[in-house]
Amino acid sequence: MAEKEMKLIVDGKRLDGRKFDELREIKMEVNVLERTMGSAYVEWGNNKVLAGVHGPREFHPKFLRDPRKAILTCTYNMAAFSVDDRKRPGPDRRSVEISKVISDALSSVAVLEKYPNTGIDVFVEVLQADAGTRCVSIVAASLALANSGVPMKDLVSACASGKIDGEIVLDLMKEEDNYGECDLPVAISPRRGDILLLQMDGNLTREEYTKAYNLAVEGAKKVYGMQKKTLLDSMVNLEEGE
Ligand code: UDP
C-alpha cells in the first residue's frame, strides 16, 4: 500500500460511484479457447483475464512424478501491455508468488488422485490489470479447470476487501489499491467452508479485520453464484448444440 496521496471517498461514494459493499461489474465465460482442455475468460471491472488448462498428461521429468496423484501447476503471467507502465516480460517475484497461491488453492479442490503420475498445467494470462488480479485469476482458473472435466470437490471463489480513507470496502480497484490503507484478498471453497487464500497488505485493527474478512467472504460467495451459473449455462449450450 502506497502513502495516501488521493481522496478515495467523496460525498460518501467511492471514485467509481460504488457503495462500500458493492462489487465491480463481472462477466465470465467458459470454453473460449479451442486448443486447451478447458478455458475461461473473466472481465471484472477493468481486469481482463484468460485461463487455459492443459492435461492431465505424463509428467516430466519422470523422477518428479507422484505415483499417488497429479501435480497441478499454475502459471500466472501479466501481459506487457496489461498495466500503465510496460510490464517487463517474464516471471518476477510477484508472479511466482501469485502462481503458487493459485496452484495451492486449486490443488485443494481438484481430485488429483484420479490422475497419478501426470501433470495438469493451468495458465493464466492477465490481459488488463486493475487491482485484484489474483482473485480474478483464481476465479478464472477454477472455471477453466471445471470446464476441462477434471473432477473437483468444489469451485474456488475469491474476492478482496480493504480499507480506504478509513472505511472498510469491498473489491478495491486500482486507485483504491494504490492509495488505500489495506488490501485483503480471500479465496474460499464455499461448499466445503475452507479458506484457500488469505493475504493482507497493510494494517487493520482486529475489529476492522473481522469486518473486512466477512465482507470479502460475502463477495466471494456472490462470485461463486456467478461461477456456478456460468458452468451450468455452458452445459445447457453444449446440449443444445448436440
Ligand atoms: N500492477 C502494476 N504493475 C505491476 C504489478 C501490479 O501496475 O508490475 C498493478 C495492477 O493493476 C495490479 C495492482 O497493481 O492489479 C495490484 O497489484 P497487487 O500486487 O496488489 O496484486 P493484485 O491486486 O492484482 O492481486
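Any value given below was found using the heavy atoms of this structure, including those in side chains, with hydrogens, waters and symmetry copies removed. Positions are given from 1 along the sequence. Atoms within each ligand, like the ligands themselves, are counted from 1 in listed order.
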Would you say [X] has more than 12 foreign heavy atoms packed within less than 6.0 Å of its [atom1]?
X: K87; atom1: NZ; value: yes
X: E25; atom1: CD; value: no
X: N203; atom1: CG; value: no

**Backbone of D183 reached by a side-chain donor or acceptor of D201 within 3.5 Å** = no

Starting from [atom], which protein heavy atom do you reach first, and at what distance in Å?
atom: atom 23 (O) of ligand 1; value: G132 N, 2.8 Å
atom: atom 8 (O) of ligand 1; value: K87 CD, 4.0 Å
atom: atom 1 (N) of ligand 1; value: V83 CG1, 4.0 Å
atom: atom 10 (C) of ligand 1; value: A129 CB, 3.8 Å
atom: atom 20 (O) of ligand 1; value: D177 OD2, 3.6 Å
atom: atom 11 (O) of ligand 1; value: A131 N, 3.4 Å

Minimum non-hydrogen distance to [atom], winning option of [options]:
atom: atom 25 (O) of ligand 1; options: E175, R88, R134; value: R134
atom: atom 22 (P) of ligand 1; options: I98, T133, V101; value: T133
atom: atom 19 (O) of ligand 1; options: E97, R94, Q128, M78; value: R94

**Request:** Might you check, step by step, whether the distance between atom 14 (O) of ligand 1 and some protein heavy atom is under 4.0 Å?
**Result:** no

**Asked** Do E58 and R65 sit within salt-bridge range, that is, some charged N less than 4.0 Å from a carboxylate O?
**Response** yes

**Prompt:** Any Lys/Arg nitrogen of D177 or K174 sitting under 4.0 Å from an Asp/Glu carboxylate oxygen of the other?
**Reply:** no

For residues 97-112, which side-chain donor-acceptor pairs fall under 3.5 Å, sequence neighbours excluded?
| from | atom 1 | to | atom 2 | distance (Å) |
| --- | --- | --- | --- | --- |
| E97 | OE2 | R134 | NH1 | 2.9 |
| E97 | OE2 | Q199 | NE2 | 3.0 |
| S99 | OG | Y76 | N | 2.9 |
| S99 | OG | S95 | O | 2.7 |
| K100 | NZ | D104 | OD2 | 2.6 |
| S103 | OG | C74 | N | 2.9 |
| S103 | OG | S99 | O | 2.8 |
| S107 | OG | S103 | O | 2.7 |
| S108 | OG | D104 | O | 3.0 |

**Prompt:** With a 4.0 Å heavy-atom cut-off (strictly under), which part of N47 contacts ligand 1: side chain, backbone, both or neither?
**Reply:** neither

Under 3.5 Å, which donor-acceptor pairs link side chains of residues 151-161 to any protein atom two or more places apart or in another chain?
| from | atom 1 | to | atom 2 | distance (Å) |
| --- | --- | --- | --- | --- |
| D154 | OD1 | Y224 | OH | 2.7 |
| D154 | OD2 | R191 | N | 2.8 |
| D154 | OD2 | R192 | N | 3.4 |
| S157 | OG | A220 | O | 2.7 |
| S157 | OG | Y224 | N | 3.3 |
| S157 | OG | Q227 | OE1 | 3.1 |
| S161 | OG | A212 | O | 2.7 |

